[in-house]
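So the structure is just underneath, and the comments pick up after that.
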Amino acid sequence: MSKNFSFELQHIDKYTGARAGVYHTPHGDIKTPVYMPVGTQATVKGVYPRDLKEAGSQIILSNTYHLYLRPGDELVKKAGGLHKFMNWDRPILTDSGGFQVFSLTKLNKIKEEGVYFNSHIDGSKHLFTPEKVISIEENLGADIIMQFDQCSEYGYTHEQAEAAMNKTYNWLKRCLDAKSRDDQALFPIVQGNMYDDLRMQSLKLAKPHATDGIAIGGLSVGEPKQRMYEILELIRPELPESVPRYLMGVGSPDCLIEGVKRGVDMFDCVLATRIARNGTAFTSNGKAVVRNAVYAEDFTALDEKCGCYCCKNYTKAYLRHLINVNEMLAPMLLSLHNITFLHKLMSDMREAIFADSLNDFAAQFYSEFGKE
RNA sequence: GGGCGGAUUGCAGAGUGGCCAAAUGCAUCAGACUGUAAAUCUGACGUCUCCGACUUCGGUGGUUCGAAUCCACCUCCUCCCA
């Protein structure tokens, strides 16, 4: 473990094997399982850090690729690091830009040495190598930093997926060699696309380097949910016990539950904040498209069971009105609510794990929320 | 009272003889969204027994194989002159 990091596994649910623990980091403890809101550009879109804390956010994500382009990692360093720059004194995790290689695939060329890409902002040419990415992540100064990886696309052939997986491993070694700070935890990433053998091989390669934690990437990229669950089950027996396991980019309520059941400790996802901005809310009775006409005269709270600022003070009719007239308060309130909802879901699961009743909790949750 | 211009599917506004159920924008309605190029994107938006049929472009009547488009009259509106 890196300096000032340690993972305490507190309890394992007797029936599912789900884990509850505490991850100690330089910026405070993280109770797991945990959902991490995403703040790509050094802000969780539309939510004050003050309110994130109140909602229960213990750690948030930010992004290497985006902050490198704007405002630049050197500037963030000058500002005193990302925590100070964005006024967030709890833990931060920076993603490496590996996902942007995947999502901005038309703008880049992947080579063994790294990824040549054109900025999506102005088209300027750049090169990301594992060394460069680590240098950026050290300048940003997050608590947890991700290795530079290649997230292969759903539909890749075995050969393509194998190449991406090997590249991910080679880049991991280079990231580790390049790493100079001992106060940041580096997570290796398991790739391997939808191929069982590659997933196992990738895990085997990453495992010796998973001293601070381990991430599972390349899932929830278009495959059926069942396939994702199968892969989690496949690799589960070989995942290290003593470090947190992070399933990257996953965060619908059902996927969070199924992930936790399969031994995952950390999740991040843009879904909650994105659908919020697009007028949809998670509620204990399922997703509610607040934008829809049925809520025009619904003067009840979004979720009677939620204690967030939005649910305590506003009606669905009002929220719909705000969405309709394109007022910025709408995405703000819905984002705050959705984040609160997922945090509550995670803390409820954590409690259930301690009580060895995660299965019961899940059944109860699905009976109200519905299964997607 | 005289003259000019105009009246198009919720609104604005194209279209001036067939390719028009009628551009486009807005509004409305619905869907999508999972390590954020996303306050974005997609679809529907006359009616129906909906891969086809029917009724529409202020009203009535005409010209024409064919009219939202041309003609006559009527109704209403803008502006100008008295």
Side-chain angles (χ1 to χ4, degrees), chain A residues 35-47 59-67 69-70 92-108 117-123 133 137 142 144-152 154 168 187-191 213 215-225 228 246-259 264 266-282 287 289-296 319-320 322-335 338 342 372:
Chain A
Y35 160 70
M36 308 181 280
V38 181
T40 303
Q41 310 203 77
T43 171
V44 175
K45 297 182 194 297
V47 187
I59 168 173
I60 59 176
L61 249 70
S62 204
N63 188 276
T64 299
Y65 168 87
H66 289 280
L67 294 182
L69 288 179
R70 290 187 305 197
I92 298 175
L93 180 155
T94 43
D95 186 29
S96 62
F99 185 75
Q100 278 63 45
V101 172
F102 162 80
S103 64
L104 303 173
T105 180
K106 289 167 204 75
L107 296 172
N108 61 49
F117 64 92
N118 291 99
S119 159
H120 70 280
I121 300 159
D122 62 5
V133 165
E137 293 195 279
I144 302 170
I145 61 177
M146 302 306 296
Q147 77 152 105
F148 191 46
D149 68 329
Q150 186 189 345
C151 177
S152 61
Y154 183 55
T168 295
F187 283 26
I189 301 173
V190 175
Q191 288 292 347
I216 303 148
L219 289 178
S220 203
V221 288
E223 78 282 8
K225 287 179 182 178
M228 175 170 84
Y246 164 30
L247 177 56
M248 306 184 77
V250 168
S252 62
D254 57 335
C255 288
L256 291 173
I257 291 171
E258 298 309 312
V264 176
M266 302 167 68
F267 304 83
D268 80 283
C269 197
V270 305
L271 187 67
T273 44
R274 182 178 288 167
I275 66 172
R277 271 176 277 123
N278 296 329
T280 299
F282 294 132
K287 272 200 276 196
V289 183
V290 189
R291 163 171 50 79
N292 286 2
V294 282
Y295 300 111
L319 292 167
R320 175 173 192 273
L322 291 180
I323 294 163
N324 249 307
V325 296
N326 203 24
E327 277 294 337
M328 62 177 102
L329 188 58
M332 290 174 71
L333 288 171
L334 288 182
S335 293
N338 280 350
L342 293 187
E372 295 191 0

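Order of the sequence lines sets the chain letters (A, B, ...), proteins ahead of strands, with each chain counted from 1. Just the heavy atoms: all of them, side chains too, but no hydrogens, waters or symmetry mates, feed the values below.
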Indicate, with a heavy-atom threshold strictly under 4.0 Å, whether Leu61(A) touches base, sugar-phosphate, or nothing. sugar-phosphate
Rounded distance in Å - CG (Asp254(A)) to C1' (rC33(B)): 14 Å
Each nucleotide N or O in nucleotides 25-28 of chain B that has a protein N or O under 3.5 Å away: list the pair and distance.
residue	atom	partner	partner atom	Å
rU28(B)	OP1	Asn324(A)	OD1	3.0

Between the base of rU36(B) and the side chain of Ser103(A), is there a donor-acceptor distance below 3.5 Å? no
Within the 4.0 Å heavy-atom criterion, would you say Glu327(A) contacts the bases, only the backbone, or no part of the nucleic acid? nothing
Take the protein atom CD1 of Ile60(A) and the nucleotide atom P of rU36(B), then report the distance between them rounded to whole Å. 13 Å
Identified pairing partner of rC76(B), criterion: Watson-Crick or G-U wobble below 3.5 Å: rG6(B)
Could one point to a donor on the side chain of Arg277(A) or the base of rA38(B) with an acceptor on the other under 3.5 Å away? no
According to the Watson-Crick and G-U wobble definitions, with both distances under 3.5 Å, which nucleotide is paired to rC70(B)? rG62(B)
May I ask you to say what Gln41(A) touches in the nucleic acid, namely base, sugar-phosphate or nothing, with a heavy-atom cut-off under 4.0 Å? nothing
Mate of rC50(B) where both pairing distances stay under 3.5 Å, Watson-Crick or G-U: none
Among Thr273(A), Ile275(A), Thr280(A), the one residue meeting side-chain contact (heavy atoms from CB on, under 4.5 Å) with Arg277(A): Thr273(A)
Using the closest heavy atom to pick a nucleotide of RNA chain B for each, name whichever of Asp95(A) or Asn326(A) lands nearer the 5' end. Asp95(A)
So what does Asp268(A) hit on the nucleic acid, given a heavy-atom distance under 4.0 Å: a base, only sugar-phosphate, or nothing? sugar-phosphate
Counting only N and O atoms by type, is there a donor-acceptor contact under 3.5 Å from the side chain of Arg291(A) to the main-chain atoms of Asn324(A)? no
Pick base, sugar-phosphate or nothing for Gly279(A), based on heavy-atom distances below 4.0 Å to the nucleic acid. nothing
Donor/acceptor link under 3.5 angstrom from Asn63(A) side chain onto base of rG35(B): no
Answer for the Watson-Crick or wobble partner of rU24(B), both distances under 3.5 Å, is rA12(B)
Could you check whether Tyr65(A) and Asp95(A), counting side-chain N and O atoms only, form a donor-acceptor pair closer than 3.5 Å? no
Quick one: do the Ser252(A) and Asp254(A) side chains pair a donor with an acceptor below 3.5 Å? yes
Side chain of Glu223(A), backbone of Met228(A): donor and acceptor closer than 3.5 Å? no
Rounded to whole Å, CG of Leu342(A) lies from C1' of rG35(B) at a distance of 15 Å
As a test of reading the structure: which of rU34(B), rA30(B), rG35(B) is closest to the side chain of Val250(A), going by heavy atoms? rU34(B)
Mate of rA32(B) where both pairing distances stay under 3.5 Å, Watson-Crick or G-U: rU40(B)
side-chain contact (heavy atoms from CB on, under 4.5 Å) involving Ala276(A) - partner list, sequence neighbours excluded: Leu334(A), Ser335(A), Asn338(A)
